Number of protein chains: 2
Amino acid sequence: MSPYDPSAFPPFAVTVDLVVLTVRRHALCALVVRRGEQPFQGRWALPGGFVRDEEDLAAAAARELSEETGLCAHDPGVPGVGNGAHLEQLATYGDPKRDPRMRVVSVAHLVLAPDLPAPRAGGDANSARWAPVDELLEAGEQASAGLAFDHARILADGVERARSKIEYSSLATAFCPPEFTVGELRRVYEAVWGVALDPRNFHRKVTGTPGFLVPAGGTTTRQGGRPAQLFRAGGATLLNPPMLRPEV
Amino acid sequence: MSPYDPSAFPPFAVTVDLVVLTVRRHALCALVVRRGEQPFQGRWALPGGFVRDEEDLAAAAARELSEETGLCAHDPGVPGVGNGAHLEQLATYGDPKRDPRMRVVSVAHLVLAPDLPAPRAGGDANSARWAPVDELLEAGEQASAGLAFDHARILADGVERARSKIEYSSLATAFCPPEFTVGELRRVYEAVWGVALDPRNFHRKVTGTPGFLVPAGGTTTRQGGRPAQLFRAGGATLLNPPMLRPEV
DNA sequence: CCAAAAGTGTTCCGCGTACACCCATGT
DNA sequence: ACATGGGTGTACGCGGAACACTTTTGG
């Protein structure tokens, strides 16, 4: 670290922004809130807020998440059990011009959550909603139609992280309710990757990977057809060999 | 983002810390500098420094790198060609107690560089050196013997990132000089992963992956034995299928 | 009976692994 | 001659891809 002079460093505002992803109706969706003030008033943005004094970055992200959704996320490194949602740091964005008002460095976090009831608008947001990420990212192509600030870029990075991480980890279960079927888990992969997977091979693959799924004991027919076994997420976090994303 | 009140956010100091890795004498080494002042005076630390006003995070990392090593890194997103070194953002560390003096958020960056002459001590560092990461991380086990601040943790995260990224990307070439042999590239993998690889299969694998290596035209005997073809890094960045790290 | 989803069996083939073998240089 | 590292050929086997087939529910 450089020489320390209490008056020699420029002060920064530090925020956390959240990329909260879920799967609804076979589509990967992100949580966005409507901005109530300038700049970008009326535009959609990722939820987030300032990091408080004496508050860790992950704690700030968990607090904002809970304020916006009522969700209690579980960062595997922070105590406090959640309802299955997964939280991890994504990346940090610090372009001097990213906020026209002042110098803001934002530490983006990624949250993977099971399908939730409609979000409750909280704090300064006029409203909040789940929007398909395809819509949000397409809108970002035309200037001044997409997300506020550099949030389209942050969202794209978060989506890419989620897409690659479910390949080699068991994180896809974070999109599922506590008990789920193999078919439901497959539809998560299909929604996140935007591809169709062979149900037979998928079934063999996930049930054959030790520690990925553990039988929960019951069955369900909520998807129609023959009753399917219910599973819970197993203890394994790394999948070896990984799930293979089909070629483009 | 939360309601904006210029007086309502706590001011943070924002720094960049650098995990600069290279391969020297068959060992993965990191650049460390000796601290010249309190706290942790005399202890080794990762190079780094304050982000300046109007300076992007990646630019700050590149500036610190150049000040400490003379290296001109190439972030594939920042203009300005370097000498082959690779720079990417690693993660951000913001525990309120990580610096006893004040609230500091540090955006760590990872640099992969070819073997370099002895580093020149710059700025406030009494001295600088390349140290095998195994030594640095083992020393961290005993309290007050390892790196300053939370730098052991940052280093461990950087090493883990490098180890996993050379699996599925062509980043291992960033540890090599502009022209290198297949054997030299193999010794990079062996040093970073700490394993022995079969030279025959490795050769077939890397020369058979399109875009990974392009023949540079000449040969060399600098490693002894039969002359080896020289290669340059090809355009491909993602390896498909990936290099497989042998089981533990 | 039929549709729909769950689950099993089987065949094929690419690719990773292991290892035998040959090649071209320095000493 | 021989040691050293470079490079090719080949046989084996695991695991992914494709797909036929059976099972168990709801309508």
Side-chain angles (χ1 to χ4, degrees), chain A residues 25-26 166-168 176 179-191 193 195-232 236 238-248, chain B residues 25-26 166-168 176 179-191 193 195-232 236 238-248:
Chain A
R25 293 188 299 265
H26 288 198
I166 65 174
E167 282 190 74
Y168 56 88
C176 295
E179 298 196 348
F180 54 90
T181 70
V182 172
E184 289 163 352
L185 182 63
R186 175 171 49 82
R187 280 180 276 276
V188 164
Y189 275 93
E190 291 178 330
W193 284 345
V195 298
L197 299 175
D198 185 302
R200 291 87 51 121
N201 292 333
F202 183 87
H203 185 280
R204 228 195 323 270
K205 172 82 178 173
V206 296
T207 56
T209 300
F212 192 5
L213 302 181
V214 294
T219 63
T220 182
T221 61
R222 61 188 175 218
Q223 302 289 344
R226 168 177 169 181
Q229 268 191 276
L230 284 169
F231 292 88
R232 262 190 270 274
L238 258 50
L239 302 185
N240 216 302
M243 298 292 305
L244 286 190
R245 174 159 34 165
E247 305 292 323
V248 197
Chain B
R25 292 187 299 264
H26 288 198
I166 64 173
E167 282 190 74
Y168 56 89
C176 295
E179 298 196 349
F180 53 90
T181 69
V182 172
E184 288 163 353
L185 181 63
R186 175 172 47 83
R187 281 180 274 276
V188 164
Y189 275 92
E190 291 178 331
W193 284 345
V195 298
L197 299 175
D198 185 301
R200 290 83 56 112
N201 293 332
F202 183 88
H203 186 280
R204 227 194 323 269
K205 172 81 178 172
V206 297
T207 55
T209 299
F212 192 6
L213 301 182
V214 294
T219 63
T220 182
T221 59
R222 61 188 175 217
Q223 302 288 346
R226 168 177 166 180
Q229 268 191 278
L230 284 169
F231 292 89
R232 262 188 271 273
L238 258 50
L239 302 186
N240 214 301
M243 299 293 303
L244 288 190
R245 175 160 31 166
E247 306 293 322
V248 193

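These values consider heavy atoms only, across backbone and side chains, with no hydrogens, waters or symmetry-generated copies. Since we're looking at a predicted model, the values are computed, not measured.
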Set of residues satisfying salt bridge (charged side-chain N to carboxylate O under 4.0 Å, His left out) with respect to [X], sequence neighbours excluded:
{"X": "A/R204", "result": "none"}
{"X": "A/R222", "result": "A/E184"}
{"X": "B/R232", "result": "B/E179"}
{"X": "B/R226", "result": "none"}

Legend entry - Residues which pass side-chain contact (heavy atoms from CB on, under 4.5 Å) with A/P199, listed by chain and number, not counting sequence neighbours: A/R186
Legend entry - Residues in side-chain contact (heavy atoms from CB on, under 4.5 Å) contact with A/T221, at least two apart in sequence or another chain: A/P227
Inset, instruction - Quick one: list whatever passes ring pair (Phe, Tyr, Trp, His ring centres under 6.0 Å) with B/F202, sequence neighbours left out. - result: B/Y189
Legend entry - Residue pairs involving residues 210-219 of chain B (criterion salt bridge (Lys or Arg N to Asp or Glu O under 4.0 Å); sequence neighbours excluded): none
Inset, instruction - Please list, in 5' to 3' order, the outermost nucleotides of DNA chain D lying under 4.0 Å from any heavy atom of chain B. - result: D/dT4 to D/dT10
Inset, instruction - Kindly say whether A/L197 contributes a backbone atom to a donor-acceptor pair with the side chain of A/E190 at under 3.5 angstrom? - result: yes
Inset, instruction - Residues of residues 214-221 of chain A with any non-hydrogen atom less than 4.0 angstrom from an atom of DNA chain D: list those, numerically ordered, please. - result: none
Legend entry - Selection: residues 180-191 of chain A, any non-hydrogen atom under 4.0 Å of DNA chain D: none
Inset, instruction - Using a 4.0 Å cut-off on protein heavy atoms (strictly under), produce a 5'-to-3' string for nucleotides 13-21 of chain C with B for base contact, S for backbone-only sugar-phosphate contact, and - for none. - result: ---SBBBBB
Inset, instruction - Supply the atom-to-atom distance A/T181 OG1 to A/R187 CZ, rounded to the nearest 0.5 angstrom. - result: 6.0 Å
Inset, instruction - Tell whether A/R226 reaches the base of C/dA6 with its side chain through a donor-acceptor pair below 3.5 angstrom. - result: yes
Legend entry - 5'-most by nearest nucleotide on DNA chain C - A/F231 or B/P227: A/F231
Inset, instruction - Output yes when at least one side-chain N/O atom of A/H203 is less than 4.0 Å from OP1 or OP2 of C/dA6, else no. - result: no
Inset, instruction - Measure the distance from CZ on A/R222 to C1' on C/dA4 and round it to the nearest whole Å. - result: 17 Å
Legend entry - A/R245 vs A/I166 side-chain heavy atoms within contact, under 4.5 Å: no
Inset, instruction - Report yes if the side chains of B/L230 and B/T219 come closer than 4.5 Å at any heavy-atom pair, otherwise no. - result: no
Inset, instruction - Evaluate the criterion side chain to side chain contact (heavy atoms under 4.5 Å, CB included) for residue pair B/E167 and B/W193; output intermediate values, then yes/no. - result: CA-CA 10 Å; B/E167 282 190 74; B/W193 284 345; 3.3 Å; yes
